[in-house]
Amino acid sequence: MIAAYLVDSSQRLKMDDLSITYLNYTPIPITDLIGSGKDQKSMADVPLDELVPYACEDADITYQLYEYLKQKLAADLLTDVAHSLDFPLSRVLARMEQKGVSIDKNLLADFSEALQKDMDMLEAQIYELAGERFNIQSPAQLGTILFEKLQLPAGKKTKTGKYSTNEAVLSKLAHHHQVPNLILEYRSLSKLKSTYSDALPSLINEQTNRIHTDYNQCVAATGRLASSNPNLQNIPIRTARSREIRKAFIPQQGFQIMSADYSQIELRVIAHISEDEQMISAFKSGEDIHARTAMEIFQLDNITQVTSDHRRKAKEVNFGIPYGLSAFGLAQNLGISNAEAKQMIEAYFERFPRILNYIEDSKNFVMEHGYVSTLLGRRRYLPDIESPNWNLRAFAERAAINMPIQGTAADIIKSAMISIDQWLINEGFKSRMLLQVHDELIFEIHEDEQALCSIIVNKMESASELKVPLKVDWGMGAHWLEAHS
DNA sequence: CCCATCACG
DNA sequence: ACGTACGTGATGGGC
């Protein structure tokens, strides 16, 4: 199983102060790995987790290790995604990590200051209304204040039996008391400040003056990447104030930030895998897919009959399908009755019967074979499908539905990344790929190379030939927010 | 160290 | 009749 080997074998060198120099200029001494003199081991005896297969393009020795690891793994690999995709991609990721991204720390410093002021005001109001001071950040203390002192109706308990004070619970309390809303407001500001505004500037590397994330190729069970130290795949965007953070992601002098993202890639993948004619024709003709879904679910004859409420509901169904949605989950998210949600799902499957087939096929496949796989053959084993525990089995079923979809989308963008990076390097362009956020690629485009944008978009759209076209939206600007179309 | 919460696709 | 949508990572509280 590829993932299992890669988890242990191919973590790239850490991008701390030391290793940037290390990566660029110093070949890894082979003796560090196999020892020397009479302690010297054969290459074959080196535990896989000590091998660093692809750290430095310029170092012969790392290349040898890379080749060695390829051979070593070849005997064990079930498929060739490792060779065709993940090994080549590891070099692309190493380049992106080393390149890093510029951060406007003055902007973030000002932002932090403004956040702190607002938090201080909220804090005072909360203490006033609660009638005492307490730690707002402590769910335990907050629970006591809200549900014992103020006698507000407690919602769900957490799984450890304590009062839940999460977003869903506090929102429902909004009309009982002012405090819950103030808490929510305080939390969102606090999150922005501690996780982003304060943290990012402190991670600027002194040598490069940029921040360097780690891309982990081996943790996500679906084949997605993960980003850490810092995580640059969860930079805020959903609210007006939070997306200010994105203004701090800026290009170096003479460049612009360009962002290109796949439109509806997971739904397109479902359309392809399930071969549902309705959905394929909707994507082929470039229709508004949520409006089209609304027409089908609510049995409307004409697109002009689709209200914004229809569309909103249909969008939520489309969103939930790849997760193995339930009537309960849909009802919760839409604030509608269980019965209405159930009816919508039934109507959906009646109109998109092949999607239902896909779900049933996935469940049957995983029960028979113990795994599911993506278009390129990446596998996820789901042993819980045999569990006597109903809950674990249900989770495994939903994961079996989701992984081929999420994973195929990951395969596609990985393939695009390899071809774009190779092309940028081979042609000697100054522009570089900086970041990947699951369905989005972010570049730094040199001012003389703006013509590259349409070629990048083209390469992304032709990364895979599906039964539906792939569509990419893109934009360019003086920072990430402006670039994100 | 785990838990709860919340940021993203 | 069961509990409740998939995949991640960072933070602060509290034991």
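Atoms considered below: every heavy atom in the structure, side chains included; atoms not considered: hydrogens, waters and symmetry mates. A note on names: the letters A, B, ... follow the listed sequences, proteins ahead of strands, and every chain is numbered from 1.
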Residues from [range] lying under 4.0 Å of DNA chain C - heavy atoms:
| range | result |
| --- | --- |
| residues 384-396 of chain A | A:W390, A:F395 |
| residues 121-137 of chain A | A:N135, A:Q137 |
| residues 347-367 of chain A | none |

Self-check item: ring pair (Phe, Tyr, Trp, His ring centres under 6.0 Å) partners of residues 141-177 of chain A, not counting sequence neighbours, each pair once
Solution: A:F147-A:Y163
Quiz item: How would you list all residue pairs meeting ring pair (Phe, Tyr, Trp, His ring centres under 6.0 Å) that involve residues 461-485 of chain A, not counting sequence neighbours?
Solution: A:F249-A:W480
Distance-only, no hydrogens or angles: does the [X] side chain make a donor-acceptor pair with backbone N or O of [Y] under 3.5 Å?
| X | Y | result |
| --- | --- | --- |
| A:T144 | A:A140 | yes |
| A:Q233 | A:Q436 | yes |
| A:S227 | A:L232 | yes |
| A:Y262 | A:M460 | yes |
| A:T408 | A:L375 | yes |

Touch check for [X], heavy atoms < 4.0 angstrom, all strands: base, sugar-phosphate only, or nothing?
| X | result |
| --- | --- |
| A:R243 | nothing |
| A:A221 | sugar-phosphate |
| A:S190 | nothing |
| A:A409 | nothing |
| A:E316 | base |
| A:T195 | sugar-phosphate |

Any side-chain heavy atom of [X] within less than 4.5 Å of one from [Y]?
| X | Y | result |
| --- | --- | --- |
| A:Q264 | A:N318 | no |
| A:L189 | A:L122 | yes |
| A:Q406 | A:P322 | no |
| A:F111 | A:R241 | yes |
| A:Q278 | A:P353 | no |

Quiz item: How far, in whole Å, is C:dG3 from B:dC6 if one measures between their P atoms?
Solution: 24 Å
Quiz item: How far, in whole Å, is B:dA4 from C:dT4 if one measures between their P atoms?
Solution: 13 Å
Self-check item: With A:E113 via side chain to side chain contact (heavy atoms under 4.5 Å, CB included) - residues at least two apart
Solution: A:K117
Quiz item: What residues form a side chain to side chain contact (heavy atoms under 4.5 Å, CB included) with A:A226, not counting sequence neighbours?
Solution: A:N216, A:V219
Quiz prompt | First and last nucleotide of DNA chain C, 5' to 3', lying under 4.0 Å from heavy atoms of chain A | solution = C:dC2 to C:dG14
Self-check item: Pairing residues for A:Y348 by the ring-ring contact (aromatic ring centres under 6.0 Å, His included) criterion, not counting sequence neighbours
Solution: A:F352
Exercise. Using a 4.0 Å cut-off on protein heavy atoms (strictly under), produce a 5'-to-3' string for nucleotides 4-9 of chain B with B for base contact, S for backbone-only sugar-phosphate contact, and - for none.
Key: SSBBBB
Quiz item: DNA chain C in dot-bracket, Watson-Crick or G-U pairs under 3.5 Å, [ ] crossing, | other strand?
Solution: .....|||||||||.
Quiz prompt | Check ion pair A:E397-A:R393 (N to O, under 4.0 angstrom) | solution = no
Exercise. May I ask you to decide whether A:K247 forms a salt bridge with A:E244, counting only side-chain N to carboxylate O separations under 4.0 Å?
Key: yes
Exercise. Look at the aromatic rings of A:F365 and A:Y371 and report parallel, tilted or perpendicular, splitting at 30° and 60°.
Key: perpendicular
Quiz item: Mind checking what makes side-chain hydrogen bond (donor to acceptor under 3.5 Å, both in side chains) contact with A:S171, not counting sequence neighbours?
Solution: A:E167
Practice problem: Would you mind telling me which residue lines up with the more 5' stretch of DNA chain C, A:Q141 or A:G320, judged by nearest nucleotide? | Solution: A:G320
